[in-house]
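In what follows, a structure is listed as structure tokens, so that the remarks can point back to it.
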There are 4 protein chains.
Amino acid sequence: IRRTPFKMCSRSMASKTPVGFIGLGNMGSPMAKNLLRHGYPVIATDVFPESCKELQDEGAQILDSPAEVADKADRIITMLPSSPNVIEVYTGPNGILKKVKKGTLLIDSSTIDPSVSKEMALAAEKMGAVFMDAPVSGGVGAASLAKLTFMVGGVEEEYTAAQELLTCMGANVVYCGQVGTGQAAKICNNMLLAIGMIGTAETMNLGIRLGLDPKLLAQILNMSSGRCWSSDSYNPVPGVMEGVPSGNNYQGGFGTTLMAKDLGLAQHTATNTKTPVPLGSLAHQIYRVMCARGYANKDFSSVFQFLREQEEEPEKKGD
Amino acid sequence: IRRTPFKMCSRSMASKTPVGFIGLGNMGSPMAKNLLRHGYPVIATDVFPESCKELQDEGAQILDSPAEVADKADRIITMLPSSPNVIEVYTGPNGILKKVKKGTLLIDSSTIDPSVSKEMALAAEKMGAVFMDAPVSGGVGAASLAKLTFMVGGVEEEYTAAQELLTCMGANVVYCGQVGTGQAAKICNNMLLAIGMIGTAETMNLGIRLGLDPKLLAQILNMSSGRCWSSDSYNPVPGVMEGVPSGNNYQGGFGTTLMAKDLGLAQHTATNTKTPVPLGSLAHQIYRVMCARGYANKDFSSVFQFLREQEEEPEKKGD
Amino acid sequence: IRRTPFKMCSRSMASKTPVGFIGLGNMGSPMAKNLLRHGYPVIATDVFPESCKELQDEGAQILDSPAEVADKADRIITMLPSSPNVIEVYTGPNGILKKVKKGTLLIDSSTIDPSVSKEMALAAEKMGAVFMDAPVSGGVGAASLAKLTFMVGGVEEEYTAAQELLTCMGANVVYCGQVGTGQAAKICNNMLLAIGMIGTAETMNLGIRLGLDPKLLAQILNMSSGRCWSSDSYNPVPGVMEGVPSGNNYQGGFGTTLMAKDLGLAQHTATNTKTPVPLGSLAHQIYRVMCARGYANKDFSSVFQFLREQEEEPEKKGD
Amino acid sequence: IRRTPFKMCSRSMASKTPVGFIGLGNMGSPMAKNLLRHGYPVIATDVFPESCKELQDEGAQILDSPAEVADKADRIITMLPSSPNVIEVYTGPNGILKKVKKGTLLIDSSTIDPSVSKEMALAAEKMGAVFMDAPVSGGVGAASLAKLTFMVGGVEEEYTAAQELLTCMGANVVYCGQVGTGQAAKICNNMLLAIGMIGTAETMNLGIRLGLDPKLLAQILNMSSGRCWSSDSYNPVPGVMEGVPSGNNYQGGFGTTLMAKDLGLAQHTATNTKTPVPLGSLAHQIYRVMCARGYANKDFSSVFQFLREQEEEPEKKGD
């Protein structure tokens with residue numbers, strides 16, 4: 001994996017200049033705290049005053065709008081729920097680009113459509129700024145422990161500058177290519193993850209119905225060509241593994257709603273690039289139905305539970 | 001994985017008594033040769049005289065029918081293309097069960113419906129014989145090199161006796177449980193394999209369309225939760241890995257027709273046990289369509305090629 | 001549609017000879033009563049004594065086994081739940097073929113795998129008897145009112161003889177071709193029905209979400225190319241049509257379990273003939289999941305309810 | 001179906017004032033000609049000079065940009081390939097909204113995402129203009145013969161004004177509700193159409209494999225619950241019906257690429273509204289694969305051909 005470790009950039013100085021942070025939700029807040037912990041002054045903003053208050057108590061300076069943050073900081077990280085928020089925060093009436101300084105580095109860690117990342121990069125470039133997409137893998141826990149994985153897309157010359165900040169918040173930083181490829185990598189991984197998880201759930205369920213012991217079946221799969229992350233590291237069948245959501249009634253982990261959102265992004269990009277993704281598409285639909293049937297907040301491995309028989313019911317006669 | 005290593009059985013004697021072998025096709029022939037190599041006298045039969053001739057030249061005794069083999073050997077291995085062949089060879093007018101001796105060990109290495117294995121076991125039991133299912137993983141190459149994996153279902157007391165023979169032909173022998181569970185394990189593994197392969201092909205294709213380098217994308221997936229055997233050991237994208245069929249125009253490997261056959265078995269067992277397998281079912285359909293569209297004899301990783309754009313064609317106006 | 005109206009057969013005499021009837025369940029019982037109503041002496045049997053008692057009270061003669069019925073009647077109708085029952089009743093130790101007389105007409109109205117129909121026809125032919133498959137469309141209500149549709153497969157020369165009896169129990173009798181084609185026609189129709197129903201449910205749901213009035217949307221579809229039986233005669237959205245199960249909390253009608261069974265047969269025949277049926281296959285899986293999620297006994301149009309949002313749930317943050 | 005027949009609007013005068021027309025492609029050109037035929041002066045523009053020239057010869061006035069058209073006409077119809085074109089033509093630097101006059105009626109007959117229609121309506125409203133979506137059903141032939149069906153969304157008060165123009169170009173004009181519902185109706189219809197077509201192709205193929213005569217099978221379906229527009233009016237099996245593309249090597253009709261585009265829109269709206277559409281989604285994928293495999297320009301009923309066996313190929317042995 002290509003990384004560009006030794007390049008220097010005028011922005012990444014020995015003395016730490018302030019870093020802007022916009023979006024202080026469940027993920028953004030611990031990420032910003034890790035920057036503070038590494039000695040970076042943080043200038044932040046969020047639409048929710050409580051979130052701002054909390055970070056202010058940790059030592060951050062709070063401003064009223066993204067534009068004002070852009071006026072004060074030449075490195076800004078954004079962490080927002082979805083594409084419309086990103087568009088608003090960057091190009092809205094009080095958005096970053098209203099006051100961004102030439103040469104500012106803009107790093108967006110939201111998970112959004114790669115085509116929106118490209119649009120933002122273009123808009124930033126017109127203002128003389130640099131935009132990179134750097135979505136994360138790993139949840140709230142990884143964010144707190146600075147163990148996130150960042151997948152970074154953007155101009156390679158600026159990667160070292162981004163890396164300096166991202167390594168304060170994550171354990172892995174991977175350079176993926178031109179702008180948008182960070183999003184692409186994340187979306188691709190999560191699509192294959194969803195397919196592997198549903199496939200594992202179906203397979204384990206079928207094997208159990210055919211008389212196989214679930215632990216034995218998992219062992220056989222994991223030493224064979226059926227092996228995948230969902231079978232060997234996150235098995236969806238209660239009792240097969242310890243320390244995974246299937247052992248805890250599918251609490252915690254990565255929620256079905258979030259998986260459905262990422263699969264929606266995968267579907268959007270596949271549709272827009274005319275790429276056939278039959279299993280990815282069906283995986284999306286299955287998680288969508290699960291959201292409609294009460295599984296929205298369970299871990300995405302609960303698809304095993306969703307597919308199991310609920311109760312035996314007698315057949316009725318008819319057509 | 002439970003194995004029963006130290007049990008003894010009157011049949012597994014120090015002096016090697018003859019072993020029957022029925023079904024001398026691409027797989028059966030090298031398997032029988034490996035028994036000969038280990039010093040077992042082999043008494044064989046097959047519907048094709050040439051196959052018999054070839055094994056005769058290697059030292060095997062050839063008889064005219066399964067019934068005659070059963071008359072001479074008290075350990076018999078069968079390796080046949082599909083369920084109807086197995087039914088015929090065991091219960092047909094010249095079948096094994098016509099002349100099987102009490103206490104004979106019958107090992108079927110064909111890949112068939114587990115419910116047929118159970119039927120055969122029942123029929124064998126009525127004659128005082130023991131039937132075990134022991135389908136294999138690994139192709140013709142593994143058969144020649146005695147590197148097959150056997151997944152064994154049947155009475156646990158007889159497993160050691162079966163193991164003695166199977167270890168002459170394979171590198172791994174796994175005890176799966178009651179009769180039929182060997183088939184179940186194989187079918188489950190191959191269903192998940194098919195899902196993982198198609199998922200990997202879709203994901204790699206989507207990532208490439210989104211601007212990611214295929215090797216880099218494979219690396220990212222393989223260090224993340226998208227990882228699976230198809231992404232890290234058998235990548236379907238030409239140029240990503242060496243020594244796999246994708247690097248050789250999808251020649252060799254495991255043919256699409258055979259995968260379609262195994263997915264058909266998975267679908268049958270899922271339907272019969274009323275188990276939902278949405279992705280397994282769609283994977284079956286995709287390999288079925290591929291068989292209809294000229295991919296029958298290519299390796300099953302050619303699904304990547306199948307999903308790729310063939311040529312750009314202009315849009316026409318209309319409804 | 002080809003029918004063979006004027007051929008005569010020695011069995012279809014002016015004076016009504018006894019008709020055998022095997023399988024007196026929810027469907028078979030009213031069918032047998034309609035034969036009695038038309039003046040045919042009925043000789044019947046069933047595994048449940050109560051069912052026999054009830055028909056005896058209506059004037060039928062009850063015997064102990066299919067073999068005994070075959071000994072007394074030279075026209076026999078069977079109406080059984082599934083393939084194994086049919087195999088047992090025809091070829092079992094007390095089965096019809098044990099005592100069937102040469103020239104007997106055997107009509108099986110069960111819905112089963114066409115390949116089993118062909119096997120039964122072959123077995124009957126060996127005994128000098130004639131087997132026809134004649135599955136029905138229409139439920140218990142249609143059976144009572146003699147308004148069933150029969151789809152008949154078998155030797156064309158015998159069709160008139162079958163028709164004489166079937167017209168007593170149904171409003172439509174259609175000759176489909178060689179043996180097994182009656183089953184094929186039924187399976188094909190129900191597969192397309194399931195696809196149309198799920199498609200209609202998805203479409204109506206999507207339209208409603210997009211702001212369309214459901215009645216208006218149904219009207220637009222029904223005057224356009226989206227029109228199908230499920231949209232114009234059995235709309236799954238409550239309130240759009242009257243007199244259909246969607247207006248009665250999906251009670252009555254054609255149960256999800258039965259649809260899942262028929263789709264299982266369609267899947268089996270498709271797999272066995274190597275025919276790709278991607279939508280049919282997914283429809284099967286959807287009805288299979290519905291059976292697992294509490295919809296087993298609801299009308300199959302309840303797929304609309306299954307796909308609807310259950311409740312709004314808040315999103316949680318995470319990976 | 002609600003229509004608002006008698007309302008009057010100041011714009012729909014007895015004397016015919018000029019109508020603007022933007023987008024003179026395969027569909028737009030014959031539509032504009034029909035306006036000319038009905039005596040409306042037409043002021044048009046298009047990016048392709050040849051298209052403009054052709055309409056000029058028929059008597060239209062040609063201007064350089066949408067803005068200039070908006071300066072001269074207070075009723076404007078747009079007919080464009082996709083959402084980005086619509087956004088450009090309405091809100092671009094030379095777009096309609098740069099010079100639109102208060103009270104202008106804007107009718108967009110493009111097939112696009114309903115959410116874009118809503119955006120355009122909002123932008124138009126800010127300028128004091130009225131935007132309606134009115135996508136069409138029917139191809140180039142229907143456009144020439146003024147036999148299109150228009151599905152209209154927008155403020156009900158303006159519907160009569162729109163209807164006056166649309167009836168010059170179409171045989172059916174249906175009011176669907178608020179802005180965007182015209183698009184919604186079209187997308188819904190085409191999604192169900194695609195599902196019905198693929199389902200019909202699968203079913204006919206399966207029936208033929210099971211020994212049914214295709215014409216007979218079509219008749220049985222069409223008198224039963226499997227009936228749909230694709231089975232009774234546009235059967236995809238060559239030889240079953242006359243005057244449909246299946247009888248003409250799938251030439252003409254509604255191209256696979258266009259169906260794939262509409263299914264992409266359906267998928268987008270379903271994803272955005274979190275609506276599960278499993279069959280619609282799979283139908284989209286199937287048409288997407290077909291585009292990749294050489295069926296892009298064939299009629300969408302060619303899915304029958306796509307699913308058929310290409311050639312018999314021998315099975316090889318292996319895993």
Side-chain angles (χ1 to χ4, degrees), chain A residues 1-2 114 137 149 151 172 174 176-178 180-181 184-185 187-193 195-196 198-200 202-207 209-213 216-217 219-221 223-231 233-234 266 269-270 273-280 282-283 286 307 309, chain B residues 1-2 114 137 149 151 172 174 176-178 180-181 184-185 187-193 195-196 198-200 202-207 209-213 216-217 219-221 223-231 233-234 266 269-270 273-280 282-283 286 307 309:
Chain A
I1 290 172
R2 292 178 300 147
S137 173
T149 293
M151 286 156 275
N172 289 295
V174 184
C176 297
Q178 60 184 22
T181 53
I187 286 171
C188 283
N189 183 73
N190 282 12
M191 187 175 89
L192 188 49
L193 169 60
I195 292 168
I198 301 174
T200 301
E202 293 179 11
T203 302
M204 293 296 298
N205 192 22
L206 179 59
R209 296 276 183 95
L210 295 176
L212 285 160
D213 173 77
L216 175 68
L217 175 55
Q219 281 176 303
I220 293 172
L221 296 174
M223 61 183 251
S224 310
S225 49
R227 164 178 62 77
C228 63
W229 184 86
S230 296
S231 70
S233 303
Y234 207 86
T269 62
T273 57
K274 302 186 179 179
T275 310
V277 288
L279 294 194
L282 183 51
I286 290 169
L307 293 173
E309 188 85 25
Chain B
I1 290 171
R2 292 179 298 150
S137 173
T149 293
M151 287 156 276
N172 289 296
V174 185
C176 298
Q178 61 184 20
T181 54
I187 286 171
C188 283
N189 182 73
N190 282 12
M191 186 174 89
L192 188 48
L193 168 60
I195 292 168
I198 301 174
T200 301
E202 293 179 10
T203 302
M204 293 296 299
N205 193 22
L206 178 59
R209 296 275 185 96
L210 295 175
L212 286 160
D213 173 78
L216 176 67
L217 175 55
Q219 282 176 303
I220 293 171
L221 295 173
M223 61 183 249
S224 310
S225 48
R227 164 178 63 77
C228 63
W229 184 86
S230 296
S231 71
S233 303
Y234 207 86
T269 61
T273 57
K274 301 186 178 179
T275 310
V277 287
L279 294 194
L282 182 52
I286 290 169
L307 294 173
E309 188 84 27

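Sequence lines set the chain letters: A, B, ... in the order given, protein chains first and strands last, and positions in each chain run from 1. If you're wondering where the values come from, they're calculated on a predicted model, not measured in any experiment.
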Reported CD1-to-CD1 distance for the pair B:Ile195 and A:Ile198, which is rounded to 0.5 angstrom: 9.0 Å
Chi angles and distances behind the side chain to side chain contact (heavy atoms under 4.5 Å, CB included) call for A:Val174, B:Met223: CA-CA 11 Å; A:Val174 184; B:Met223 61 183 249; 3.6 Å; yes
Pick from B:Leu206, B:Thr273, B:Leu221, B:Leu210 with the largest number of heavy-atom pairs that fall under 4.5 Å of chain A: B:Leu206
Which of A:Pro276, A:Gly199, A:Gly196, A:Pro278 touches chain B most, by non-hydrogen pairs under 4.5 Å: A:Pro278
OG1 on B:Thr203 to CD1 on A:Ile187, rounded to 0.5 Å: 11.5 Å
Structural part of A:Leu217 lying under 4.5 Å from a heavy atom of chain B: side chain
When A:Leu282, A:Leu192, A:Thr149 are compared by non-hydrogen pairs under 4.5 Å with chain B, the top option: A:Leu192
Heavy-atom closest contact (A:Leu216 atom, A:Asp213 atom, distance): N-OD2, 3.0 Å
Rounded distance [0.5 Å steps], CG in A:Leu212 versus SG in B:Cys188: 6.0 Å
Between A:Ala185, A:Ser231, A:Gly180, A:Gly207, the one whose heavy-atom pairs under 4.5 Å with chain B are most numerous: A:Ala185
Option that, when pairs with chain B are counted at under 4.5 Å, heavy atom only, ranks first among A:Pro114, A:Ala270, A:Ser224: A:Ser224
Nearest-0.5 Å distance that lies between atom CG in B:Asn189 and atom OG in A:Ser225: 4.0 Å
Most contacts with chain B, counted as non-hydrogen pairs under 4.5 angstrom, among A:Asn205, A:Thr181, A:Leu307, A:Ile286: A:Thr181
Option in B:Glu202, B:Met204, B:Arg209 with maximal non-hydrogen atom pairs under 4.5 Å from chain A: B:Glu202
Residue selection (most heavy-atom pairs with chain B, distance under 4.5 Å) from A:Met191, A:Met151, A:Arg227, A:Gln178: A:Arg227
Contacting moiety of B:Ser230, where chain A heavy atoms sit under 4.5 Å: neither
